[in-house]
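Scope of the values below: all heavy atoms of this structure, side chains included, with no hydrogens, waters or symmetry mates. Values in this document were obtained by computation on a predicted structure and should not be read as measured data. Reminder, nothing fancy here: chain letters follow the sequence lines and each chain counts from 1.
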There are 2 protein chains.
Amino acid sequence: MLSTLTKWVLLMSPELERLKELSLAENLGRLHRLWRTAADAELIPLGLTHPRWTALWKLLRLGDNVSQKVLADALEIELPSLMRTLNQLEDQGYVQRRCCEKDKRARIVSLTPDGIEMLKQMESKIMLVRRNLLAGISQQQLNDFENIMSKISENALATLDKSSA
Amino acid sequence: MLSTLTKWVLLMSPELERLKELSLAENLGRLHRLWRTAADAELIPLGLTHPRWTALWKLLRLGDNVSQKVLADALEIELPSLMRTLNQLEDQGYVQRRCCEKDKRARIVSLTPDGIEMLKQMESKIMLVRRNLLAGISQQQLNDFENIMSKISENALATLDKSSA
DNA sequence: TATAACTAGTTAGCATGCTAAGTAAATAAC
DNA sequence: GTTATTTACTTAGCATGCTAACTAGTTATA
C-alpha cells in the first residue's frame, strides 16, 4: 500500500513538488489570520470581539444610518451572521436600531454617543496596526501588491462565473 | 448626537478617509475567501468538505505517516479542530490512524488506498484552480507578490512578539 | 386592483474554528 | 530513581460563520 503511494509521489508533477512548501493560497490565509490577530491584539482590550469591532468600523465608514442589509453586504457576511453581532453591540450600548420610514421592512443601524466614543479609541489603534504591518513597504510596492490581488480576484470571479453557468 | 458624529468624521485623519474603500486587510480576507470558494467549487463535488480536502492534501505533502500533531501544525489549526476532520476522513475510509511505536502518546495518520485514489483526482483539480487564478500573472510579479506577503507577515509577527512581551 | 415574485429581517440549527480541562506517556530536574 | 513538567491526544462546550425556513412589507405583472 505504501509502495503505491511512493510510486505515485515519484510520478507527481513538478508543480506539485514545488507546492510542498506553503502554497500561495495557504500563505494568503496565513497572512489574513496574522493581520486579524495583530489587530485584535490592540482592539480586544477595548472590550470588543473581532466581529463587533469590524462591524462598528464598517458602520463608521458607511457613514452611519444604513440598513442592516447594507451593512451586511459591506462586511461581506450574511444577515443572520450580522444579527447576533448587532444584538451584542446594542446590548453594549454602541449602536441603536430603528424602523426605516421609507421601507418598513428595513431597520436602520446608527451609532450611539458611546459608540462614537469607542470608535475614537479604535481609530488610532487601527491606524497603528496598519502602519506597523506596512512598515518598510513603499507606496509603489503596495500599489503593485494590490494590483496583483485585484488580478487574482478577477480571475477567481471569472472562474466561479464559468463554473456556475 | 448625529452632529457629534458628523463633526468628528470631518476631523478624521486623511488616512481614514482613504480607507472608506476596502482596506488592505479586508481585501486580503476577501481574496482568501474567493480562492477558497473557487477551489471548493472543484473539490466539494468529490464528496469532501474544505477542511477534509485540505487535510488530505497536506497529509500528502508531508509525505504520509505523520502524527496528528505534525499534521495540525502544518495545517495551522489546533489538534481538537483536526480531530473532527480526521474522524470524518476515517469514516469515509480515506485515512487510518495507528499507535506510534516510538511514542505511545502519538497516533500516526496514513492514507488508505482509497485516500490515495481520491488524492489523484484532487491533484488535477487543485492545479487547475491554481493555473486559472494565476492566469496572466508573470513569475516575476508572483515573486514580488510573495515577497510583500512575507514582509507583512514578518512585520505582523514582530508586532505580536512585542505586544505579548 | 389582485396576484405573484422578490426583499429585509428574523429564528433555528449546522459546520468548523477555538479554549479549557482531563489522561496517559515522555522528559527534565532533583 | 522519584517527582515535576511537558507533550499528544481526547472530550466538552463556546464563537461565529453559514443555510433553510418563516414573516412582513414592497414591487412587478396580469
Side-chain angles (χ1 to χ4, degrees), chain A residues 26 29-30 32-34 36-37 39-41 43-44 47-56 58 62 65-92 95-110 164, chain B residues 26 29-30 32-34 36-37 39-41 43-44 47-56 58 62 65-92 95-110 164:
Chain A
E26 289 168 323
R30 183 155 184 275
H32 178 230
R33 219 175 313 125
L34 271 172
R36 179 183 156 141
T37 304
D40 284 354
L43 289 156
I44 285 179
L48 293 167
T49 61
H50 184 85
R52 280 180 240 169
W53 75 255
T54 49
L56 273 185
K58 182 61 82 175
L62 290 174
N65 285 289
V66 293
S67 72
Q68 299 186 146
K69 172 67 174 163
V70 167
L71 183 53
D73 283 351
L75 288 165
E76 301 186 69
I77 61 176
E78 300 300 319
L79 264 176
S81 309
L82 181 60
M83 292 292 302
R84 188 160 31 199
T85 302
L86 285 181
N87 289 340
Q88 294 162 346
L89 286 171
E90 208 169 40
D91 288 348
Q92 287 184 290
V95 304
Q96 286 174 333
R97 287 186 280 197
R98 65 172 189 281
C99 286
C100 177
E101 293 303 319
K102 292 177 189 165
D103 183 342
K104 284 177 183 166
R105 291 168 306 178
R107 288 175 78 194
I108 303 298
V109 186
S110 61
S164 71
Chain B
E26 289 168 324
R30 181 154 184 277
H32 179 228
R33 220 175 313 125
L34 270 172
R36 181 184 153 139
T37 304
D40 283 355
L43 289 157
I44 285 180
L48 293 167
T49 62
H50 185 83
R52 280 180 240 169
W53 74 255
T54 49
L56 273 185
K58 182 61 83 175
L62 290 175
N65 286 290
V66 292
S67 73
Q68 298 185 146
K69 172 66 172 164
V70 166
L71 183 53
D73 283 350
L75 287 165
E76 301 186 66
I77 61 176
E78 300 299 319
L79 264 176
S81 308
L82 181 60
M83 293 291 303
R84 188 161 30 201
T85 301
L86 285 181
N87 290 339
Q88 294 162 345
L89 286 171
E90 208 170 39
D91 289 347
Q92 288 184 287
V95 304
Q96 285 173 332
R97 287 187 278 198
R98 63 171 191 280
C99 286
C100 177
E101 292 303 318
K102 293 175 189 166
D103 183 341
K104 283 177 183 164
R105 291 169 306 178
R107 289 175 78 195
I108 302 298
V109 186
S110 60
S164 71

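- Between the CE atom of M83(B) and the C1' atom of dA15(C) there is a distance of 17 Å, rounded to whole Å.
- For R97(A), the side chain to side chain donor-acceptor pair (under 3.5 Å) criterion is met by Q68(A), N87(A), E90(A), not counting sequence neighbours.
- We find the CD1-CH2 distance between I44(A) and W53(A) to be 9.0 Å, quoted to the nearest 0.5 Å.
- Between R97(A) atom CZ and dA8(C) atom P the separation is 16 Å, expressed in whole Å.
- Atom CG in L75(B) sits about 13 Å away from atom C1' in dT16(C), given to the nearest Å.
- Of the residues near DNA chain C, N87(A) and Q88(B), the one whose nearest nucleotide (by heavy atom distance) lies more toward the 5' end is N87(A).
- For E78(A), the side chain to side chain donor-acceptor pair (under 3.5 Å) criterion is met by no residue, not counting sequence neighbours.
- Positionally, the nearest nucleotide of DNA chain D for K69(B) lies more toward the 5' end than for the other of K102(A) and K69(B).
- At whole-Å resolution of the value, CG in D40(A) and C1' in dA15(D) are 13 Å apart.
- For T49(A), no side-chain nitrogen or oxygen approaches OP1 or OP2 of dA15(D) to under 4.0 Å.
- Residues passing the side chain to side chain donor-acceptor pair (under 3.5 Å) test with D103(B) are R105(B), sequence neighbours excluded.
- Listed by chain and number, the residues in a salt bridge (charged side-chain N to carboxylate O under 4.0 Å, His left out) with R84(A) amount to none (sequence neighbours excluded).
- Rounded to whole Å, the distance from CD on Q68(A) to P on dT7(C) is 18 Å.
- The nearest whole Å value for the distance from the CG atom in L86(A) to the P atom in dA8(C) is 15 Å.
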Classify every nucleotide of nucleotides 17-25 of chain C by which part a protein heavy atom approaches to under 4.0 Å, writing B for the base, S for the sugar-phosphate alone and - for neither, in 5'-to-3' order.
BBBB----B
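- A search for side chain to side chain donor-acceptor pair (under 3.5 Å) contacts involving R36(A) returns nothing, not counting sequence neighbours.
- For the pair E101(B) CD and dA8(D) P, the interatomic distance rounds to 18 Å; values are reported in whole Å.
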